Amino acid sequence: SVTEDDSVLTVSNINFEDNPDYYMPPGVNREEDKTQTEESILKNEQSMLLIIKDLMDGQKREVIKNMGRPLNVFNYRKMKMFVHGDLDSTKAGSLSKKDAAEVYLRFGNDTLNYYEYRKSIAPGWSEISIDFNDLTAIKQDPERKDPQKYFSSPVKGLPEERYGILGNPSLRNIDVFIIGIENPKNKGVLNQTVSGDLWVNELRVVQADDRKGH
């Protein structure tokens, strides 16, 4: 995970008011500031900014958020998040260069018990949509012989994107979120480093679900 003196990953933010090149994800609007009673003022809108510099082949960097209190998403159907790769897809080593790097979202009890969604980083905004039914299915997949070993399965309709699972995570007890960038050793150009920016925005659960059992 990233530390303050890490030379590869810098964590910051990018926002509508201070960064002319920034634009919001599709469907996201600036909220009205309810603390301003005399006039209508919109709040600033921002994304987390992950700046990667020379991430070597086979390496990764992560940002970890410990919740403090466990989060229960049992009564929802999906989790969603927007990610944005570099605008310049022609730049050598750019994060938006095809297959040069992957972004993943992990969430679960801890770093040994989690669900994962993984995809290649593409230019512009794209949305990650995690179906909890699919996570339950891969958790029970008969091909998953050993829970202590990482198990991966393609996302329905998106074979280049993948779900993953390690250990015995629970949707009722999420203590940690991890957002990572990896330069996979078996993808892209051998021994090529990657550099560039990734914006992350609007991590949320949607579609309340009153079904029984996960």
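Source: prediction; values computed, not measured. Counting begins at 1 with the first residue of the sequence.
- When the side chains of ILVMFWY residues are joined at heavy-atom separations under 4.5 Å, either directly or via intervening members, Tyr114 and Met81 end up in two distinct hydrophobic clusters.
- Under the side-chain contact (heavy atoms from CB on, under 4.5 Å) criterion, Asp57 pairs with Asn183, Lys185, Leu190, Asn191, not counting sequence neighbours.
- Contact record, Ile51 with Asp197: CG2-OD1, 3.6 Å, taken as the closest heavy-atom pair.
- Every residue was checked against the side chain to side chain donor-acceptor pair (under 3.5 Å) condition with Ser170, not counting sequence neighbours, and none meets it.
- Side-chain N/O atoms of Glu45 and Asn201 include a donor and acceptor closer than 3.5 Å.
- For the atom pair CG of Leu71 and CZ of Phe177, the computed distance is 5.5 Å after rounding to the nearest 0.5 Å.
- Residue pairs meeting the salt bridge (Lys or Arg N to Asp or Glu O under 4.0 Å) criterion with at least one member in residues 121-145, sequence neighbours excluded: Glu127-Arg204, Asp134-Lys156.
- Phe151 meets the ring-ring contact (aromatic ring centres under 6.0 Å, His included) test with no other residue; sequence neighbours excluded.
- Inter-residue side-chain proximity for Tyr163 and Tyr117 is flagged as met; some heavy-atom pair is nearer than 4.5 Å.
- Considering only heavy atoms from C-beta on, Ile121 stays 4.5 Å or farther from Val83 through its side chain.
- Residue-environment remark: CE (Met67) exceeds the threshold of 12 foreign heavy atoms within 6.0 Å.
- Taking the side chain as every heavy atom from C-beta outward, Leu50 and Leu9 approach each other to under 4.5 Å.
- Counted within 6.0 Å of CZ on Phe16, heavy atoms from surrounding residues, nucleotides or ligands total 12 or fewer; the atom is thus considered open.
- The aromatic rings of Trp125 and Phe82 stand perpendicular to each other, their planes meeting at an angle above 60°, with 30° marking the opposite boundary.
- Below 30°, between 30° and 60°, or above 60°: for His84 and Tyr23 the angle between ring planes is above 60°, a perpendicular geometry.
- The side-chain contact (heavy atoms from CB on, under 4.5 Å) check on Val205 picks up Val73, Tyr76, Met79, Phe132, with sequence neighbours excluded.
- Annotation: salt bridge (Lys or Arg N to Asp or Glu O under 4.0 Å) contacts involving residues 103-123, sequence neighbours excluded, comprise Glu62-Arg106, Glu102-Arg118, Arg106-Glu116, Glu116-Arg118, Arg118-Glu182.
- The environment of Lys80 atom NZ is dense: over 12 non-hydrogen atoms of other residues, nucleotides or ligands sit within 6.0 angstrom.
- Put simply, Leu158 and Val206 are part of two different groups of oily side chains (I, L, V, M, F, W, Y) that touch within less than 4.5 Å, one to the next.
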